[in-house]
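One structure below.
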Number of protein chains: 2
Amino acid sequence: MHSFTEENYLKSIYHLLLSKDSATTNEIAAAIGTKAATVTDMLKKLAEKKLINYARYQGVSLTEQGRKSALVIVRKHRLWEYFLVEKLQFKWDEVHEMAEELEHITSVKLIDRLDEFMGCPRFDPHGDPIPDAQGNFKQHESLQPALLLSKGQCAKIAGVTDHSASFLQYLEKSRLTLGQTITVTEVSNYDLSVMVEPSNKEFNISHEVAKNILVLL
Amino acid sequence: MHSFTEENYLKSIYHLLLSKDSATTNEIAAAIGTKAATVTDMLKKLAEKKLINYARYQGVSLTEQGRKSALVIVRKHRLWEYFLVEKLQFKWDEVHEMAEELEHITSVKLIDRLDEFMGCPRFDPHGDPIPDAQGNFKQHESLQPALLLSKGQCAKIAGVTDHSASFLQYLEKSRLTLGQTITVTEVSNYDLSVMVEPSNKEFNISHEVAKNILVLL
DNA sequence: TCATAAATTTAGACTAATCTAAATTTAATA
DNA sequence: TATTAAATTTAGATTAGTCTAAATTTATGA
């Protein structure tokens, strides 16, 4: 089993590797909120345990074993988030910190029972896919940033790329929550105007916001 | 907030103080599974933080603040055990280790929501009382060891004093679970014979076992 | 391509929690 | 009460994870 700290490193590296194929010491330090020197020490330890591929100054990637371990943590995190929102009625912007602790509860049997108890959900409250017990998961097909929509297009909100509480609260206030259908009524250089259904209220959202909302046509 | 380790010390001291009014260094070491020297260091730290009353060589007791902190941990432990048994279908002998981890999840809001979600249970799966958010709880009135029953008496199983998995499994196999009604049909020097309802099967249980089963008349 | 900036690593130190071994205090009893 | 045994504490060391400051490597661009 891995320590609490090792798990956090694996998880952070996993997330960094979603958008590139090598993560740097500084990026990891920023993600974890620690110093580069500390990261270097931990990278040596994780390499020793064959959880990452590491060569000095060259950045890191996960080994197959490391990826598996990371996916277990991601699975736990997302299932607990689902539990907190669906069973304990927390808002989607409140659950991250709690899930950061709960994801380190070791029992695999517990997480499998929790999964079953909730009906094996495939997506967490932010639209992120929940890996199954084998680490397999499917992202929504054809998910794209709302920014790419053109005038007249209609789409359903299915995810976000910014998970910060402030962004999620902004969306909540604007009724731009998961599952919501939006229609683009206007596109300018500065923002999109969208019609939110079923409330049928019109709305402007900035490029920055539209970039971080993921939709399905 | 207290560290994971500090919480374990407070919890162990709390449990030791249930049957006496001072806990010794060695008792704490045995309860936690560590060495006496280690305990001494931690006792100094807890005393520094005003969580325990400590004088060298004299044993320890909890301060009001220490007791409050211990009760929060006991509350968390027992609510999680209830959740694991009632919602996730674990057996009463399987939940202890998981609850030992879950009890350290910090969020108080989470535990209060969990409490509410489960309908504010007053007793955990072993019959132990669950403190409320203020740390108040009521033990069953007139709870007594089954050992004290005399021939012909009828009583309901409402708790255990031995929480080990092996004891709980033994009881499970013998249908001697919480809520079960038993009638004493015979008392010898070596054991009690009891009639278990509603299965109406007769049974012998040793003094040692009868001592660790708590019943209500 | 060479100087410099940025990124990374190494060296050395710190803290929390732990240990063993030795010293001290308390308790038990002859 | 004096001796010895048991319990407890102190002293000094260890490990995991962290830090700062200095040294090294890589990348940039004049």
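Labels below follow one simple rule: chain letters A, B, ... track the order of the sequence lines, proteins then strands, and each chain is numbered from 1.
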Worksheet, complete the sentence: Of the candidates dT18(C), dA7(D), dT9(C), the side chain of Asn26(B) sits closest to dA7(D)

Discussion item. Taking Asp132(B) first and then Lys138(B), would you say they form a salt bridge - that is, a charged N and a carboxylate O separated by under 4.0 Å?
Written reply: no

Fill in: Selected nucleotide, minimal atom distance to Thr34(A) side chain, candidates dT10(C), dT18(D), dT10(D)
dT18(D)

Fill in: Presence of Gln58(A) side-chain N/O under 4.0 Å of dA7(C) phosphate oxygens OP1/OP2
no

Item to complete: Mind checking Tyr54(A) for me? I need base, sugar-phosphate or nothing, with any heavy atom below 4.0 Å counting as a touch.
Response: sugar-phosphate

Practice prompt. Could you check His163(A), Arg78(A), Glu81(A) and say which one makes a side chain to side chain donor-acceptor pair (under 3.5 Å) with His126(A)?
Written response: Glu81(A)

Fill in: Closest nucleotide among dT26(D), dT10(D), dT18(D) to the Met42(A) side chain
dT18(D)

Practice prompt. Give the nucleotide from the list dA21(C), dT24(C), dT9(C) with an atom nearest to the side chain of Tyr57(B).
Written response: dT24(C)

Discussion item. Can you identify which nucleotide, out of dC19(D), dT9(D), dT10(C), has its nearest atom closest to the Arg56(B) side chain?
Written reply: dT9(D)

Discussion item. What I want to check is whether the side chains of Asp162(B) and Ser164(B) have a donor and an acceptor closer together than 3.5 Å.
Written reply: yes

Worksheet item: Any chance the rings of Phe4(B) and Phe4(A) have centres within less than 6.0 Å?
Response: no

Worksheet entry | Candidates dT20(C), dT20(D), dT26(D) - which lies nearest the side chain of Lys35(A) | dT20(D)

Discussion item. Can you identify which nucleotide, out of dT8(D), dT9(D), dT26(D), has its nearest atom closest to the Thr24(B) side chain?
Written reply: dT8(D)

Worksheet item: Is there a side-chain polar atom (N or O) of Thr25(A) under 4.0 Å from OP1 or OP2 of dT9(C)?
Response: yes

